[in-house]
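When a residue number appears, it is its place in the shown sequence, counting from 1. From a predicted model like this one, the values you see are computed outputs, not experimental measurements.
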Amino acid sequence: MSEVNKDAVDAIIDQWAAVRPDLETAPMALFGRIFRIDRAMGDAMERAYARYGLTRGEFDVVGTLRRSGEPYTLSPRQLSATLMLTSGGMTGRLDKLEKAGLLCRKPDPHDRRGLQVTITDRGLALVDEAVAAGLEVQRAALSGLDEEETALLTGLLRKLLAGI
């Protein structure tokens, strides 16, 4: 792997080492970088999706409907569970997306009290463009890694996530 210059996280680790040399700061170094990557990529993804009139949260809703496959329909409860949102948070997103013509809600034919949320043709076309734009941002962020490094990092992060 190529040598990379010291970064802001290294400066934080050095400061802790100066005042608390007894601390083992390797976890802080790792998670500090993960948190900074999350923030930077979150901001970059917001900008990518904004070109399509979507926030990241709104993209998550239409993206979840899109990747669910035909007929691109889920219940609000299924969406909330997948996106780890409260029903109130989901309702707000659904209201905005429905008003924009990207999805529609209709009664569930199998449950008189339930609803079904379906992506519209307009929403389908928009999310297909937005997902490609988001992937391009992610691809650019990974451009400093080769294929083997990307696969290694993916595997290590999968292992870390499974242990949490």
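The salt bridge (Lys or Arg N to Asp or Glu O under 4.0 Å) check on Arg112 picks up nothing, with sequence neighbours excluded. In terms of the side chain to side chain contact (heavy atoms under 4.5 Å, CB included) criterion, Asp121 has no residue partners (sequence neighbours excluded). When the side chain to side chain contact (heavy atoms under 4.5 Å, CB included) test is applied to Lys6, the partners found at least two apart in sequence or on another chain are Asp10, Asp14. Qualifying side chain to side chain contact (heavy atoms under 4.5 Å, CB included) partners for Gln138, counting only residues two or more places apart in sequence or in other chains: Met41, Met45, Leu135. For Arg158, there are no salt bridge (Lys or Arg N to Asp or Glu O under 4.0 Å) partners at least two apart in sequence or on another chain. Under the side chain to side chain donor-acceptor pair (under 3.5 Å) criterion, Arg20 pairs with Asp22, not counting sequence neighbours.
Listed by first and then second residue, the side-chain hydrogen bond (donor to acceptor under 3.5 Å, both in side chains) pairs involving residues 35-45 amount to none (not counting sequence neighbours). For residues 76-94, the pairs satisfying side-chain hydrogen bond (donor to acceptor under 3.5 Å, both in side chains) are Ser75-Gln78, with sequence neighbours left out. Identified under the ring pair (Phe, Tyr, Trp, His ring centres under 6.0 Å) test for residues 102-142, with sequence neighbours left out: none. Note on residues 23-61: pairs passing ring pair (Phe, Tyr, Trp, His ring centres under 6.0 Å), not counting sequence neighbours, are Tyr49-Phe59.
Rounding to the nearest 0.5 angstrom, the gap separating the CD atom in Glu70 from the CD1 atom in Ile119 is 11.5 Å. Of the inter-residue distances, the one linking Arg67 atom CZ with Asp60 atom CG reads 8.0 Å to the nearest 0.5 angstrom.
Within the 4.5 Å cutoff, no side-chain heavy atoms of Thr118 are placed close to those of Leu103. With a 4.5 Å cut-off on side-chain heavy atoms, Leu145 and Thr150 count as touching. In this structure the side chain of Val62 never reaches within 4.5 angstrom of the side chain of Leu124, judged on heavy atoms. Within the 4.5 Å cutoff, no side-chain heavy atoms of Leu79 are placed close to those of Leu85.
Taken together through direct or relayed side-chain contacts under 4.5 Å among Ile, Leu, Val, Met, Phe, Trp and Tyr, Val137 and Val131 form part of one hydrophobic cluster.
Listed by chain and number, the hydrophobic cluster partners of Leu161 come to none, as no ILVMFWY side chain reaches under 4.5 Å of it. Alongside Val19, the hydrophobic cluster contains Val9, Ile12, Ile13, Trp16, Leu23, Met28 (criterion: ILVMFWY side chains under 4.5 Å).
Side-chain atoms of Glu98 never come within 3.5 Å of backbone atoms of Asp95 as a donor-acceptor pair (strictly under, hydrogens ignored).
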